[in-house]
Amino acid sequence: MSKRIDVKNLNIYYGDFLAVEGVDVTIEPRTVTALIGPSGCGKSTFLRALNRMHEVIPGARVEGEVSLDGSNMYARGVDPVGVRRKVGMVFQRPNPFPTMSVRENVLAGVKLNNKKIKKADADDLVESSLRGANLWNEVKDRLDRPGSGLSGGQQQRLCIARTIAVKPEVVLMDEPCSALDPISTLAVEDLIAELKEQYTIVIVTHNMQQAARCSDRTGFFNIEGTGKPGRLIEFDDTQKIFSSPAQQATEDYISGRFG
Ligand SMILES: Nc1ncnc2c1ncn2[C@@H]1O[C@H](COP(=O)(O)OP(=O)(O)OP(=O)(O)O)[C@@H](O)[C@H]1O
Ligand SMILES: [Mg+2]
(Lines give C-alpha, C1' and ligand atoms only; values in the text may rest on other atoms or scores of the structure.)
(Ligands and ions follow the chains in the order given, each with its own letter.)
Protein backbone atom coordinates (compact mmCIF):
# COMPACT_ATOMS: atom_id res chain seq x y z
CA MET A 1 0.00 0.00 0.00
CA SER A 2 2.80 2.31 0.92
CA LYS A 3 4.26 4.41 -1.89
CA ARG A 4 7.42 6.24 -2.85
CA ILE A 5 7.09 9.97 -3.40
CA ASP A 6 9.38 11.69 -5.90
CA VAL A 7 9.35 15.47 -5.92
CA LYS A 8 11.04 17.14 -8.87
CA ASN A 9 11.81 20.80 -9.26
CA LEU A 10 8.78 21.88 -7.27
CA ASN A 11 7.87 25.57 -7.06
CA ILE A 12 4.81 26.63 -5.10
CA TYR A 13 3.13 30.01 -5.49
CA TYR A 14 0.46 32.09 -3.81
CA GLY A 15 -0.43 34.42 -6.65
CA ASP A 16 2.86 36.06 -7.62
CA PHE A 17 4.56 35.11 -4.38
CA LEU A 18 6.96 32.20 -4.72
CA ALA A 19 6.58 30.55 -1.32
CA VAL A 20 8.64 27.40 -1.89
CA GLU A 21 11.33 27.04 -4.53
CA GLY A 22 13.11 24.20 -6.26
CA VAL A 23 12.39 21.22 -4.05
CA ASP A 24 13.86 17.92 -5.23
CA VAL A 25 13.46 15.01 -2.89
CA THR A 26 12.58 11.32 -2.76
CA ILE A 27 10.61 9.94 0.16
CA GLU A 28 10.84 6.18 0.53
CA PRO A 29 7.85 3.96 1.33
CA ARG A 30 7.40 2.76 4.92
CA THR A 31 9.45 5.57 6.35
CA VAL A 32 8.63 8.52 8.56
CA THR A 33 9.97 11.81 7.24
CA ALA A 34 10.03 14.82 9.54
CA LEU A 35 9.98 18.33 8.09
CA ILE A 36 11.46 21.00 10.31
CA GLY A 37 12.35 24.66 9.93
CA PRO A 38 11.44 28.13 11.18
CA SER A 39 7.92 29.53 10.98
CA GLY A 40 6.95 30.75 7.53
CA CYS A 41 9.57 28.74 5.63
CA GLY A 42 6.96 26.79 3.70
CA LYS A 43 6.62 23.45 5.49
CA SER A 44 2.81 23.43 5.42
CA THR A 45 2.82 24.77 1.88
CA PHE A 46 5.10 21.94 0.78
CA LEU A 47 3.05 19.34 2.64
CA ARG A 48 -0.16 20.51 0.98
CA ALA A 49 1.49 20.19 -2.42
CA LEU A 50 1.94 16.45 -1.75
CA ASN A 51 -1.78 15.76 -2.02
CA ARG A 52 -2.93 18.64 -4.21
CA MET A 53 -4.56 20.29 -1.22
CA HIS A 54 -2.67 23.45 -2.09
CA GLU A 55 -4.85 24.10 -5.09
CA VAL A 56 -8.02 24.48 -3.02
CA ILE A 57 -6.50 27.84 -1.97
CA PRO A 58 -7.51 30.59 -4.44
CA GLY A 59 -4.52 31.86 -6.44
CA ALA A 60 -2.27 29.06 -5.30
CA ARG A 61 -0.44 26.98 -7.89
CA VAL A 62 2.33 24.50 -8.27
CA GLU A 63 5.03 23.94 -10.89
CA GLY A 64 7.05 20.75 -11.17
CA GLU A 65 6.25 17.14 -10.42
CA VAL A 66 5.12 15.08 -7.49
CA SER A 67 4.98 11.37 -8.30
CA LEU A 68 3.56 8.46 -6.37
CA ASP A 69 5.44 5.33 -7.41
CA GLY A 70 6.40 7.05 -10.63
CA SER A 71 3.06 8.52 -11.61
CA ASN A 72 2.84 12.30 -11.56
CA MET A 73 -0.17 13.48 -9.54
CA TYR A 74 -0.05 16.82 -11.37
CA ALA A 75 -0.25 15.27 -14.84
CA ARG A 76 -3.10 16.39 -17.06
CA GLY A 77 -6.30 14.48 -16.41
CA VAL A 78 -5.44 13.27 -12.91
CA ASP A 79 -8.38 13.70 -10.53
CA PRO A 80 -7.28 15.59 -7.39
CA VAL A 81 -9.98 13.87 -5.35
CA GLY A 82 -8.43 10.51 -6.20
CA VAL A 83 -5.02 11.87 -5.21
CA ARG A 84 -6.36 12.95 -1.81
CA ARG A 85 -7.80 9.49 -1.27
CA LYS A 86 -4.35 7.99 -1.76
CA VAL A 87 -2.60 10.70 0.22
CA GLY A 88 -4.45 11.45 3.45
CA MET A 89 -3.89 14.44 5.69
CA VAL A 90 -4.10 15.00 9.43
CA PHE A 91 -4.18 18.61 10.61
CA GLN A 92 -2.73 20.52 13.50
CA ARG A 93 -5.95 20.89 15.45
CA PRO A 94 -7.98 17.74 15.84
CA ASN A 95 -11.04 18.40 13.69
CA PRO A 96 -13.64 15.69 14.25
CA PHE A 97 -17.05 16.57 12.85
CA PRO A 98 -18.75 17.86 16.00
CA THR A 99 -22.28 16.64 15.31
CA MET A 100 -21.12 13.15 14.32
CA SER A 101 -20.59 10.18 16.60
CA VAL A 102 -17.21 8.50 16.97
CA ARG A 103 -18.36 5.83 14.51
CA GLU A 104 -19.66 8.34 11.97
CA ASN A 105 -16.43 10.28 12.20
CA VAL A 106 -14.39 7.21 11.32
CA LEU A 107 -16.62 6.54 8.33
CA ALA A 108 -16.89 10.18 7.20
CA GLY A 109 -14.05 10.05 4.68
CA VAL A 110 -15.26 6.78 3.21
CA LYS A 111 -18.77 8.20 2.78
CA LEU A 112 -17.42 11.40 1.22
CA ASN A 113 -15.87 9.20 -1.41
CA ASN A 114 -19.39 8.00 -2.18
CA LYS A 115 -18.63 4.45 -1.31
CA LYS A 116 -21.67 2.40 -0.42
CA ILE A 117 -20.75 0.19 2.47
CA LYS A 118 -22.71 -2.60 4.18
CA LYS A 119 -23.38 -2.34 7.91
CA ALA A 120 -21.21 -5.36 8.78
CA ASP A 121 -18.35 -4.08 6.62
CA ALA A 122 -18.71 -0.64 8.17
CA ASP A 123 -18.51 -2.17 11.65
CA ASP A 124 -15.34 -4.00 10.68
CA LEU A 125 -13.82 -0.89 9.15
CA VAL A 126 -14.65 1.21 12.21
CA GLU A 127 -13.01 -1.34 14.48
CA SER A 128 -9.91 -1.90 12.35
CA SER A 129 -9.37 1.83 11.82
CA LEU A 130 -9.78 2.60 15.51
CA ARG A 131 -7.45 -0.26 16.39
CA GLY A 132 -5.02 1.06 13.81
CA ALA A 133 -5.19 4.46 15.46
CA ASN A 134 -4.65 2.95 18.91
CA LEU A 135 -8.00 4.19 20.09
CA TRP A 136 -10.33 1.18 20.00
CA ASN A 137 -10.08 0.18 23.64
CA GLU A 138 -10.79 3.70 24.80
CA VAL A 139 -13.88 4.24 22.66
CA LYS A 140 -15.39 0.85 21.90
CA ASP A 141 -18.17 1.42 24.43
CA ARG A 142 -18.99 4.91 23.21
CA LEU A 143 -19.02 4.58 19.43
CA ASP A 144 -22.40 6.31 19.22
CA ARG A 145 -21.46 9.27 21.38
CA PRO A 146 -20.23 12.51 19.80
CA GLY A 147 -16.60 12.54 18.64
CA SER A 148 -16.28 16.00 20.14
CA GLY A 149 -16.70 14.46 23.61
CA LEU A 150 -13.28 12.80 23.45
CA SER A 151 -10.11 14.31 24.91
CA GLY A 152 -7.85 16.29 22.60
CA GLY A 153 -5.42 13.41 22.20
CA GLN A 154 -8.27 10.99 21.56
CA GLN A 155 -9.77 13.38 19.00
CA GLN A 156 -6.46 13.53 17.16
CA ARG A 157 -6.28 9.74 17.09
CA LEU A 158 -9.91 9.72 15.89
CA CYS A 159 -8.86 11.99 13.02
CA ILE A 160 -6.03 9.58 12.25
CA ALA A 161 -8.57 6.71 12.28
CA ARG A 162 -10.74 8.69 9.85
CA THR A 163 -7.73 9.20 7.59
CA ILE A 164 -6.65 5.55 7.57
CA ALA A 165 -10.24 4.29 7.12
CA VAL A 166 -9.99 5.50 3.54
CA LYS A 167 -6.96 3.19 3.13
CA PRO A 168 -4.51 5.76 1.88
CA GLU A 169 -0.95 5.01 0.81
CA VAL A 170 0.62 8.10 2.29
CA VAL A 171 -0.33 9.97 5.47
CA LEU A 172 0.65 13.63 5.80
CA MET A 173 0.55 15.23 9.25
CA ASP A 174 0.95 18.94 9.86
CA GLU A 175 2.06 19.47 13.47
CA PRO A 176 -0.34 16.76 14.65
CA CYS A 177 0.75 17.03 18.28
CA SER A 178 1.06 20.75 18.77
CA ALA A 179 -2.33 21.00 20.48
CA LEU A 180 -1.74 17.91 22.63
CA ASP A 181 -0.40 17.28 26.12
CA PRO A 182 2.81 15.21 26.51
CA ILE A 183 1.02 11.92 27.20
CA SER A 184 -1.23 12.24 24.16
CA THR A 185 1.79 13.31 22.14
CA LEU A 186 3.59 10.10 23.07
CA ALA A 187 0.46 8.10 22.17
CA VAL A 188 0.41 9.70 18.72
CA GLU A 189 4.16 9.12 18.31
CA ASP A 190 3.74 5.43 19.20
CA LEU A 191 1.00 5.30 16.65
CA ILE A 192 3.20 6.88 13.99
CA ALA A 193 5.82 4.20 14.64
CA GLU A 194 3.17 1.54 14.03
CA LEU A 195 1.65 3.21 11.00
CA LYS A 196 4.99 3.30 9.22
CA GLU A 197 4.80 -0.47 8.76
CA GLN A 198 2.03 0.20 6.27
CA TYR A 199 2.20 3.80 5.17
CA THR A 200 4.61 6.42 3.94
CA ILE A 201 4.41 9.17 6.56
CA VAL A 202 5.45 12.80 6.34
CA ILE A 203 5.13 14.90 9.47
CA VAL A 204 5.76 18.59 10.04
CA THR A 205 6.92 19.35 13.55
CA HIS A 206 8.40 22.21 15.55
CA ASN A 207 9.46 19.75 18.20
CA MET A 208 13.07 18.70 17.63
CA GLN A 209 12.81 15.83 20.11
CA GLN A 210 9.78 14.59 18.27
CA ALA A 211 11.55 14.70 14.92
CA ALA A 212 14.54 12.89 16.42
CA ARG A 213 12.33 10.30 18.16
CA CYS A 214 9.89 9.36 15.50
CA SER A 215 11.42 9.93 12.05
CA ASP A 216 13.83 8.02 9.84
CA ARG A 217 14.64 10.95 7.60
CA THR A 218 14.52 14.66 8.26
CA GLY A 219 14.21 17.59 5.87
CA PHE A 220 15.24 21.07 6.98
CA PHE A 221 13.47 23.98 5.27
CA ASN A 222 14.76 27.50 5.60
CA ILE A 223 14.16 31.00 4.30
CA GLU A 224 16.75 33.71 3.72
CA GLY A 225 14.46 36.58 4.64
CA THR A 226 10.94 37.94 4.45
CA GLY A 227 9.48 37.69 0.97
CA LYS A 228 12.10 35.16 -0.10
CA PRO A 229 11.07 31.62 -0.99
CA GLY A 230 11.51 28.72 1.38
CA ARG A 231 13.94 26.02 0.25
CA LEU A 232 14.75 22.50 1.32
CA ILE A 233 18.26 23.08 2.62
CA GLU A 234 19.14 19.59 3.73
CA PHE A 235 17.53 16.17 3.67
CA ASP A 236 19.17 13.16 5.23
CA ASP A 237 18.92 10.38 7.79
CA THR A 238 17.50 11.81 11.00
CA GLN A 239 20.48 10.57 12.95
CA LYS A 240 22.83 12.40 10.59
CA ILE A 241 20.82 15.62 10.69
CA PHE A 242 20.83 15.65 14.48
CA SER A 243 24.46 14.59 14.94
CA SER A 244 26.47 16.04 12.08
CA PRO A 245 24.39 18.00 9.57
CA ALA A 246 26.14 19.08 6.38
CA GLN A 247 24.85 22.67 6.48
CA GLN A 248 25.67 25.31 9.05
CA ALA A 249 22.09 26.61 8.87
CA THR A 250 20.76 23.18 9.87
CA GLU A 251 23.18 23.00 12.77
CA ASP A 252 22.16 26.48 13.93
CA TYR A 253 18.47 25.62 13.75
CA ILE A 254 18.57 22.29 15.55
CA SER A 255 20.83 23.63 18.25
CA GLY A 256 18.33 26.43 18.86
CA ARG A 257 20.51 29.30 17.68
CA PHE A 258 17.65 30.64 15.59
CA GLY A 259 14.11 29.91 14.42
N1 LIG B 1 -3.11 31.08 1.88
C2 LIG B 1 -2.00 31.80 1.73
N3 LIG B 1 -1.98 32.91 0.96
C4 LIG B 1 -0.87 33.65 0.81
N5 LIG B 1 0.31 33.37 1.40
C6 LIG B 1 0.36 32.28 2.19
C7 LIG B 1 -0.78 31.45 2.40
N8 LIG B 1 -0.43 30.45 3.23
C9 LIG B 1 0.87 30.65 3.53
N10 LIG B 1 1.36 31.75 2.89
C11 LIG B 1 2.72 32.27 2.96
O12 LIG B 1 3.62 31.27 2.47
C13 LIG B 1 4.80 31.23 3.28
C14 LIG B 1 4.97 29.84 3.85
O15 LIG B 1 3.90 29.59 4.77
P16 LIG B 1 3.67 28.17 5.46
O17 LIG B 1 2.39 28.23 6.19
O18 LIG B 1 3.86 27.10 4.45
O19 LIG B 1 4.91 28.13 6.48
P20 LIG B 1 5.24 27.08 7.64
O21 LIG B 1 6.66 26.68 7.46
O22 LIG B 1 4.23 26.00 7.65
O23 LIG B 1 5.12 27.98 8.95
P24 LIG B 1 4.64 27.56 10.43
O25 LIG B 1 5.79 26.82 11.02
O26 LIG B 1 4.41 28.87 11.09
O27 LIG B 1 3.40 26.73 10.31
C28 LIG B 1 4.63 32.32 4.33
O29 LIG B 1 5.27 33.49 3.86
C30 LIG B 1 3.13 32.52 4.40
O31 LIG B 1 2.81 33.83 4.80
MG1 LIG C 1 2.79 25.37 9.02
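The figures that follow rest on heavy atoms only: side chains count, while hydrogens, waters and symmetry mates do not. Both ligands and their constituent atoms are indexed starting at 1 by order of listing. FYI, the numbering just counts along the sequence from 1.
- Counting only heavy atoms of the protein, atom 29 (O) of ligand 1 lies nearest to Phe17 CE2, 3.7 Å.
- Inclusion of Gly37 in the set of residues having an N or O under 3.5 Å from an N or O of ligand 1 is not warranted.
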| What do the steps show when you test Thr31 against Ile27 for side chain to side chain contact (heavy atoms under 4.5 Å, CB included), and what is the final call? | CA-CA 8 Å; Thr31 60; Ile27 294 169; 4.2 Å; yes

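- Nearest non-hydrogen protein atom to atom 22 (O) of ligand 1 is Ser44 OG, 2.8 Å.
- For atom 23 (O) of ligand 1, the closest non-hydrogen atom on the protein side is Gly40 N, 2.8 Å.
- Ligand 1 places these atoms under 4.0 Å from at least one heavy atom of Glu175: 27 (O).
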| Hey, mind stepping through Tyr253 and Asn222 against side chain to side chain contact (heavy atoms under 4.5 Å, CB included) and telling me if it holds? | CA-CA 9 Å; Tyr253 183 74; Asn222 202 6; over 6 Å; no

| Worked check of side chain to side chain donor-acceptor pair (under 3.5 Å) between Thr26 and Asp6 | CA-CA 5 Å; Thr26 291; Asp6 289 295; 2.7 Å; yes

| request: Determine, step by step, whether Val188 and Arg157 satisfy the side chain to side chain contact (heavy atoms under 4.5 Å, CB included) criterion, reporting the C-alpha distance in whole Å, the side-chain angles of both residues, the deciding distance to 0.1 Å, and the verdict. | output: CA-CA 7 Å; Val188 171; Arg157 281 177 285 146; 4.1 Å; yes

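- Given atom 24 (P) of ligand 1, the protein heavy atom at minimum distance is Ser39 OG, 3.6 Å.
- Summarising the geometry, atom CD belonging to Gln154 is positioned 6.0 Å from atom CG belonging to Leu135; distances are rounded to the nearest 0.5 Å.
- Less than 4.0 angstrom separates atom 14 (C) of ligand 1 from at least one non-hydrogen atom of the protein.
- Per-residue contacts place Ile57 under 4.0 angstrom from the following atoms of ligand 1 (heavy atoms of the residue considered): 1 (N).
- Among the atoms of Thr45, no N, O or S atom is found under 2.8 Å from the Mg ion (ligand 2).
- In this structure, atom 31 (O) of ligand 1 is not in close contact with the protein, since no protein heavy atom lies within 4.0 Å of it.
- Proximity of Phe46 to ligand 1, defined as any heavy-atom pair under 4.0 Å, is not found for any part of the residue.
- Closest protein heavy atom to atom 10 (N) of ligand 1: Tyr14 CE1, 3.3 Å.
- How far CD of Glu104 is from CG of Leu143: 11.0 Å, rounded to the nearest 0.5 Å.
- Among protein heavy atoms, the minimum distance from atom 21 (O) of ligand 1 is reached at Lys43 NZ, 2.8 Å.
- Hydrophobic clustering of Ile, Leu, Val, Met, Phe, Trp and Tyr side chains at less than 4.5 Å, counting indirect connections, unites Val25 with Tyr74.
- With a 4.0 Å heavy-atom cut-off, ligand 1 is reached by the side chain of Ala19 but not by its N, CA, C or O.
- In terms of protein heavy-atom proximity, atom 19 (O) of ligand 1 is nearest to Gly42 N, 3.3 Å.
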| Could you go step by step and tell me if Tyr13 and His54 meet the ring pair (Phe, Tyr, Trp, His ring centres under 6.0 Å) rule? | CA-CA 9 Å; Tyr13 294 86; His54 190 64; 9.3 Å; no

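- Listed by number with element, the atoms of ligand 1 under 4.0 angstrom from any heavy atom of His206 are 24 (P), 25 (O).
- Both Met53 and Val7 sit in one connected hydrophobic cluster of ILVMFWY residues. Membership requires side-chain heavy atoms under 4.5 Å apart, directly or through other members.
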| field | Audit row: Leu150, Arg142, side chain to side chain contact (heavy atoms under 4.5 Å, CB included) steps and yes/no | value | CA-CA 10 Å; Leu150 303 179; Arg142 52 206 272 205; 3.4 Å; yes

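- Looking at atom 16 (P) of ligand 1, its nearest protein heavy atom turns out to be Thr45 OG1, 3.5 Å.
- Heavy-atom contacts from other residues, nucleotides or ligands closer than 6.0 Å to NZ of Lys240 number more than 12.
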